[in-house]
Undergrad: 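Could you have a look at this structure, given as structure tokens, before my questions?
For reference, positions follow the sequence shown, starting with 1. Scope of the values below: all heavy atoms of this structure, side chains included, with no hydrogens, waters or symmetry mates.
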Amino acid sequence: MSAPREPIALYVHWPWCLAKCPYCDFNSRAVAAEDVNQAAYRAAITAELNHYASITNNGALSSIFFGGGTPSLMSPDTVAHVIDTATTLWGVQDDCEITLEANPTSVEAAKFRGFKDAGVNRASVGVQALNDEDLQALGREHSAVEARRALDIAGAVFERFTFDLIYARPGQSVLAWEDELDQALSLGTEHISLYQLTIEPGTEFFRARVPEAGEDVAVELYQLTQERTAAAGLAAYEVSNHARPGAESRHNLTYWRGGNYVGVGPGAHGRIRSNSIAKPVTSATHQIADPARWLDAVNKHGHGTAKTRTLPAPERATELLLAGLRLAEGVDRARFSALTGLDISEALDPQGLEILSAEGLITLSARTLYVSPEGRLMLNGILQRLLA
């Protein structure tokens, strides 16, 4: 017996950048644009699309997301080929969201119309800061003027666009972030991602021992961010993501809600649910991270999958809670049971749930489990207590 058709999200990873940012721990490589063989990459992505379409044929595409790296270094022809191939293989929902991440250098911004013609209907612009001093400290290749110009073009070309900012930067004051955030919220977007700077192992910032913001400052910056975005009509629907109602990232909601998604390209991850409804089974896929090794594997085997692993129900349950409790809406209990075969109460520490509920930090209702706005400020600690 087959499960009902559930939409599939597709993630396409482009691993190359003009430069590696010192805070970045994503699978990306700095390389000159002319040194990337786009024809070979396009052929390999096509092979992986065919491979995964053959084993996920029970749903149409609800979204396509080009991430990286710097996908705006791709040619519009390459983007068009990937979109055309994917939509032919899977089919698409009428409102399929197709997002491409872009860095706001002048050359890349000039390509936005080409990307729209290729089928992209949503741009995600990696601004990160709105002043040149901090942009330089973050290792960005663009200026504040270029960032604003890119956002102007994105707003003129695409019906939907979003951009990222990083806050709690070294030495950043609350007043400085308040001013910068107000500038950002005046730029006309319906969606904005606002991330506190975290220093990840393996990054240049980690090796240089760049300090994170102190806890008191981080809390004040977070609270200010929630207040200002809510007042502007872009309340947080996820810990770091803010949108007007209806403008949420449909692709990322698939991740946070535990939906099916296919990941292709070097280092991409996927979660694929089996067709059987007798027992919910989800497989995790992980593509080879190194681009050269990935390309060699695709040429030999038709895909560059490093491993595919069936997730045991308790592990899947934990994964769904870690992702879903980031959302303001929380975790739907019926969907959780359908995806794991467990009642949500079986995955929670009873004592931890009782304490957190009494403190007003988390609520378990007949339909959902969700963290309060105050609780999202201390989400990591809540998760550790709840999943102990």
Side-chain angles (χ1 to χ4, degrees), residues 19 21-26 70 72 101-106 108-109 122-156 158 160-200 203-205 208 210-244 247-249 252 373 376-377:
C21 295
Y23 57 85
C24 177
D25 69 336
F26 296 154
T70 307
S72 52
E101 290 183 339
N103 278 346
T105 60
S106 299
E108 290 160 23
R122 180 175 180 269
S124 177
V125 186
V127 172
Q128 314 310 359
L130 288 172
N131 66 80
D132 289 339
E133 182 179 357
D134 282 355
L135 285 169
Q136 186 175 8
L138 290 170
R140 306 299 288 167
E141 296 288 302
H142 61 272
S143 67
V145 169
E146 286 176 315
R148 287 182 171 83
R149 184 183 300 126
L151 293 175
D152 286 343
I153 296 172
F158 298 102
R160 301 177 66 205
F161 76 98
T162 181
F163 63 97
D164 300 351
L165 290 178
I166 294 173
Y167 68 102
R169 305 188 291 260
Q172 185 180 41
S173 69
V174 174
L175 287 176
W177 173 236
E178 181 177 19
D179 178 66
E180 187 171 1
L181 182 56
D182 286 346
Q183 291 180 52
L185 293 171
S186 73
L187 295 175
T189 185
E190 292 187 333
H191 187 287
I192 187 169
S193 298
L194 303 168
Y195 302 104
Q196 283 205 12
L197 178 66
T198 56
I199 309 301
E200 302 292 348
T203 64
E204 185 178 328
F205 273 0
V210 173
E212 293 183 355
E215 183 176 350
D216 290 346
V217 173
V219 168
E220 190 172 357
L221 290 168
Y222 177 83
Q223 292 174 331
L224 171 67
T225 300
Q226 307 318 303
E227 293 166 5
R228 279 289 197 267
T229 53
L234 280 78
Y237 69 98
E238 190 268 347
V239 171
S240 300
N241 286 271
H242 308 256
R244 301 194 189 284
E248 300 88 353
S249 168
N252 287 338
R376 287 201 294 275
L377 180 60

Undergrad: For the pair H242 (side chain) and A230 (backbone), establish whether a donor and an acceptor sit closer than 3.5 Å, ignoring hydrogens and angles.
TA: no

Undergrad: Do side-chain atoms of T189 reach the backbone of F161 as a donor and acceptor pair under 3.5 angstrom?
TA: yes

Undergrad: Rounded to the nearest 0.5 Å, how far apart are CG of N252 and OG of S193?
TA: 7.5 Å

Undergrad: Quick check: closest heavy atoms across R122 and S249, and the distance to 0.1 Å?
TA: NH2-CB, 3.7 Å

Undergrad: Of all the heavy-atom pairs spanning A129 and L135, show the shortest one and how long it is.
TA: O-CD2, 3.5 Å

Undergrad: Could you measure the distance from the CD atom of E180 to the OG atom of S173? Nearest 0.5 Å is fine.
TA: 10.0 Å

Undergrad: For atom CZ of F26, is the number of surrounding heavy atoms from other residues, nucleotides or ligands below 6.0 Å larger than 12?
TA: no

Undergrad: Evaluate T198 against E200 for side-chain hydrogen bond (donor to acceptor under 3.5 Å, both in side chains), listing each step before the verdict.
TA: CA-CA 6 Å; T198 56; E200 302 292 348; 3.0 Å; yes

Undergrad: Side-chain atoms of residues 214-227: list all donor-acceptor pairs with protein atoms under 3.5 Å, sequence neighbours left out, distances to 0.1 Å.
TA:
residue : atom : partner : partner atom : Å
T225    : OG1  : W177    : NE1          : 2.9
T225    : OG1  : L221    : O            : 2.7
Q226    : NE2  : Y222    : O            : 3.3

Undergrad: I'd like to check Q128 versus D164 (side-chain heavy atoms, cut-off strictly below 4.5 Å). Are they in contact?
TA: yes

Undergrad: When you measure from the side chain of R376 to the backbone N and O of E238, does any donor-acceptor pair fall under 3.5 Å?
TA: no

Undergrad: Provide the closest heavy-atom pair for L138 versus C21 in the form atom of the first, atom of the second, distance.
TA: O-CB, 3.8 Å

Undergrad: What's the shortest heavy-atom distance between A232 and R244, and which atoms?
TA: O-NH1, 3.0 Å

Undergrad: Measure from the side-chain N and O atoms of E212 to the backbone N and O of I199, and report whether any donor-acceptor pair falls under 3.5 Å.
TA: yes

Undergrad: Kindly compute the distance separating CG (N131) from OG (S143), expressed to the nearest 0.5 Å.
TA: 11.0 Å

Undergrad: Should we count CD of Q183 as having more than 12 external heavy atoms under 6.0 Å?
TA: yes

Undergrad: So, the side chain of E101 versus the backbone of G126: is there a donor-acceptor pair under 3.5 Å, distance only?
TA: no

Undergrad: Quick one: CG on L151 to CG on L130, what's the gap to the nearest 0.5 Å?
TA: 8.0 Å

Undergrad: Treating S72 as the side-chain partner and N103 as the backbone partner, does any N or O pair qualify as donor plus acceptor under 3.5 Å?
TA: yes

Undergrad: Ignoring hydrogens and geometry, is there a side-chain-to-backbone donor-acceptor pair from Y167 to E178 under 3.5 Å?
TA: no

Undergrad: What is the minimum heavy-atom distance between A150 and P104, and which atoms define it?
TA: CB-CB, 3.3 Å

Undergrad: Determine the minimum heavy-atom distance between A184 and I192, stating which atoms define it.
TA: CB-CD1, 4.0 Å

Undergrad: Roughly how far, to the nearest 0.5 Å, is OG1 of T105 from CD of E146?
TA: 6.5 Å

Undergrad: I'd like to know whether N241 forms a side chain to side chain contact (heavy atoms under 4.5 Å, CB included) with H191, so could you lay out the CA-CA distance, the side-chain angles of the two residues, the decisive distance to 0.1 Å, and finally the verdict.
TA: CA-CA 7 Å; N241 286 271; H191 187 287; 3.4 Å; yes

Undergrad: Once salt bridge (Lys or Arg N to Asp or Glu O under 4.0 Å) is applied, what residue pairs with a partner in residues 124-142 remain, sequence neighbours excluded?
TA: D134-R169

